[in-house]
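Here's the structure we're looking at; comments come further down.
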Amino acid sequence: MKQHKQIIILFFMLFTLQISAQVTFVIQALPDNTPVEDTIFIAGDITGWEPGSSDYMMHKNDEGKWSITLAAKPSGTKIEYKFTRGSWKTGEKGQSGQEIANRTFTFSHSSSVVDVTIYNWANTGGGSSSTAATNVKIMSTDFYMPQLDRKRRIWIYFPPGYETSGLSYPVLYMHDGQNLFDATTSFSGE
């Protein structure tokens with residue numbers, strides 16, 4: 001009877017190993033202007049979109065490349081993620097410095113290694129080349145949206161003279177403020 005239990009336990013262990021697997025992300029290339037003192041993080045729905053969670057801090061492997069291994073997830077589990085240097089102000093950007101879509105990964109039955117290239121970072125230009133007008137303000141850098149379970153930056157454009165005019169103005173809500181008000185954060189120009 002004892003041997004029968006051991007066989008069942010062994011079968012269960014082998015079965016669970018086959019239906020979940022882990023993933024290792026390895027950054028193969030970084031921008032030349034990556035500050036050497038900075039640490040790289042993975043952030044996404046696995047972190048609640050926290051850009052600098054110590055639980056998701058990457059470490060240099062034996063080859064000197066940033067890497068992180070995520071805990072095993074059931075096969076078919078899909079995650080969305082990006083890489084940061086600890087905040088969204090220092091998050092990854094595309095080849096032309098544009099915003100990029102969230103990366104995705106779907107866990108399979110076997111462990112995986114994902115090689116990553118990061119082309120640019122936000123906030124590595126050594127000074128701001130912002131084109132935003134002085135009447136464009138950032139209301140919040142971490143506005144929580146419970147429907148999407150993520151945080152976003154909220155930009156506000158005030159008409160010239162708004163603070164001293166005493167006038168009321170209608171409100172127009174627009175998406176993607178980073179593309180509307182500042183050429184340095186826009187993917188296609190202000």
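Quick note: numbers below take in every heavy atom, side chains included, and nothing from hydrogens, waters or symmetry partners.
Residues in residues 35-59 take part in these salt bridge (Lys or Arg N to Asp or Glu O under 4.0 Å) pairs, two or more places apart or across chains: Asp38-Arg85.
In this structure Ser87 satisfies the side chain to side chain donor-acceptor pair (under 3.5 Å) test together with Thr90, sequence neighbours excluded.
For the residue pair Lys65 and Gln28, a side-chain donor N or O sits within less than 3.5 Å of a side-chain acceptor on the partner.
Separation of atoms CD1 (Ile118) and NZ (Lys82) is listed at 11.5 Å; rounding is to 0.5 Å. Taking CD from Glu163 and CG from Asn135, the interatomic distance works out to 9.0 Å, rounded to the nearest 0.5 Å. For the atom pair Leu30 CG and Ile40 CD1, the distance stands at 5.5 Å (nearest 0.5 Å). Separating the CZ atom in Phe41 from the CH2 atom in Trp66 is a distance of 8.5 Å, to the nearest 0.5 Å.
Of the candidates Thr104, Ile42, Thr47, Tyr81 forms a side chain to side chain contact (heavy atoms under 4.5 Å, CB included) with just one, namely Ile42.
At distances below 3.5 Å, at least one donor-acceptor pair connects side-chain atoms of Glu92 with backbone N or O atoms of Phe83. At least one donor-acceptor pair closer than 3.5 Å links the side chain of Asn120 to the backbone N or O of Gln95.
Considering only heavy atoms from C-beta on, Thr24 stays 4.5 Å or farther from Val114 through its side chain. Here the side chains of Gln22 and Leu70 are not in contact, with every heavy-atom distance at 4.5 Å or above. Side-chain atoms of Ser75 and His109, non-hydrogen and from C-beta on, do get closer than 4.5 Å to each other. Residues Arg103 and Ile79 are not in side-chain contact: their nearest non-hydrogen atoms beyond the backbone lie 4.5 Å or more apart. Looking at heavy atoms from C-beta onward, Leu148 lies out of side-chain contact with Trp49 at the 4.5 angstrom threshold.
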Practice task
In sequence, state the C-alpha distance, the side-chain angles, and the governing distance for Thr39 and Met58, and then conclude on side chain to side chain contact (heavy atoms under 4.5 Å, CB included).
Solution key: CA-CA 7 Å; Thr39 302; Met58 301 181 80; 5.9 Å; no
Practice task
Report the C-alpha separation of Thr106 and Thr77 in whole Å, then their side-chain angles, then the decisive distance to 0.1 Å, and conclude whether the side chain to side chain contact (heavy atoms under 4.5 Å, CB included) test is met.
Solution key: CA-CA 5 Å; Thr106 303; Thr77 301; over 6 Å; no
Exercise for the section: Before giving the answer on side chain to side chain contact (heavy atoms under 4.5 Å, CB included), spell out for Trp121 and Asn33 the whole-Å C-alpha distance, their side-chain angles and the decisive distance to 0.1 Å. Expected result: CA-CA 8 Å; Trp121 295 112; Asn33 62 357; 4.2 Å; yes
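Other residues, nucleotides and ligands contribute over 12 non-hydrogen atoms within 6.0 Å of the OH atom of Tyr144. The number of heavy-atom neighbours closer than 6.0 Å to CZ of Phe158, taken from other residues, nucleotides and ligands shown, is above 12.
No path of Ile, Leu, Val, Met, Phe, Trp and Tyr side chains, each step under 4.5 Å between heavy atoms, connects Ile100 with Trp88, placing them in separate hydrophobic clusters. Under the 4.5 Å side-chain heavy-atom criterion for ILVMFWY residues, a single connected hydrophobic cluster contains both Tyr157 and Leu172. A single hydrophobic cluster is seen to contain both Ile156 and Phe143, as judged by linkage of ILVMFWY side chains at heavy-atom distances under 4.5 Å, directly or through other members.
Contact detail for Pro51 and Ala43: the closest heavy-atom pair is CA-CB, 3.7 Å. The minimum heavy-atom distance linking Ser108 with Ala21 is given by the pair O-CB, 3.4 Å. Phe107 and Ala71 make their closest contact through CE2-O, 3.9 Å (heavy atoms, listed as atom of the first residue, atom of the second, distance).
Between Phe25 and Phe105, the two ring planes are perpendicular [angle over 60°; tilted spans 30° to 60°].
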